[in-house]
Amino acid sequence: MNRFRIIASLAILISLSAMAQEEDKKKFENDFEKYKKQREYDFQNFKQRREAELQKMEQDYLNYYNQMIGLKSDFVKTGEPEKAQTVQEMIDYENSIAKTLGYQIPERIKEVPNVEAAKLNAAKQQNEEIIEDERNEGKAAEPPTTTFKSDVNSPDGIPVLTPLPKNLAKITSPFGIRIHPTLGRPIKHNGVDFGSGRGADVYAASDGMVVLAQYNKTYGNYVIIKHNDGISSVYAHLDKIIVSKGYAVKKGDVIGYTGSTGRTSGPHLHYEIRIKGIPVDPKGYLAETKK
Ligand SMILES: [Zn+2]
């Protein structure tokens, strides 16, 4: 009798525990589904915010480019050929970066130095790009984690390393509109300046490929490294470049030394981050430092 009771209780216990396990499993699956949906939602949100931000950045950039075209003719009119020349060099620099990174500066902006026309054109261009993006979106069903890689050691990871030794990496001129040091006008600064002094090591901000290493009369010796996800880093006014186009670099590799080549008020590093060729504030890409 006793034995029977024990067996019966055991059987009840076992089936209860099986039921509980089944419940747990369901709960886990539900939670996981919820979690997945939340992650997907967060990712879409993040992507939209990032796209919106990039669109604003692109608008600012096209305004900048347009302003340069206008400024050049202003300086020609006011009989300031040296300033007109500087502006032309800045335009040349933008054109070589755009060409290297495959960014199309709208033709109409190049032709018509008219702010309203430029705005219209930029808006139209953006619309076309959004439509194009939407088309591409269906095809590229990538899992969320691949867009922003947190694994900075991946072969082509996003730039995260401050490009100078920690003690020399003081930002002396931020990203955004400022009075241009030689042109004396409010002009957007497409990067940040580090008041590094001369001869400091300049580090690759992440793994990537050197896609341009050349000289510009205003920006001096400069290097462009292409990383992951359409992101590139640009290093200008270098005293010396020690890499060439086509070099594969690792994060932290020395690519050159700081200097004051081009037009500068003193030795410093001009550093840019570009997404699909569009300059964005490098401040968000300086998470790591090296001695
Ligand atoms: Zn600068």
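First listed ligand is number 1; within each ligand, the first listed atom is number 1. Since the model is a prediction, treat every value here as computed from it, not as a measurement.
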Please determine whether side chain to side chain donor-acceptor pair (under 3.5 Å) holds for the pair Q48 and Q44, giving the CA-CA distance in whole Å, both sets of side-chain angles, and the decisive distance to 0.1 Å.
CA-CA 6 Å; Q48 275 170 17; Q44 292 303 340; 5.3 Å; no
Qualifying ring pair (Phe, Tyr, Trp, His ring centres under 6.0 Å) pairs, either residue in residues 56-95, two or more places apart
Y61-Y103, Y93-Y219, Y93-Y222
Taking only residues two or more places apart in sequence or in another chain, which ones pass ring pair (Phe, Tyr, Trp, His ring centres under 6.0 Å) with H180?
none
Non-neighbouring partners of T258 that pass side chain to side chain contact (heavy atoms under 4.5 Å, CB included), sequence neighbours left out:
L164, S196, A200, V202, L269
When you measure from the side chain of T218 to the backbone of G262, do you find a donor-acceptor pair of N or O atoms at a distance under 3.5 Å?
no
Take the Zn ion (ligand 1) and tell me which protein N, O or S atoms are nearer than 2.8 Å.
H189 NE2, D193 OD1, H270 ND1
What I'd like to find out is whether the side chain of I241 reaches to under 4.5 Å of the side chain of I255, using heavy atoms alone.
no
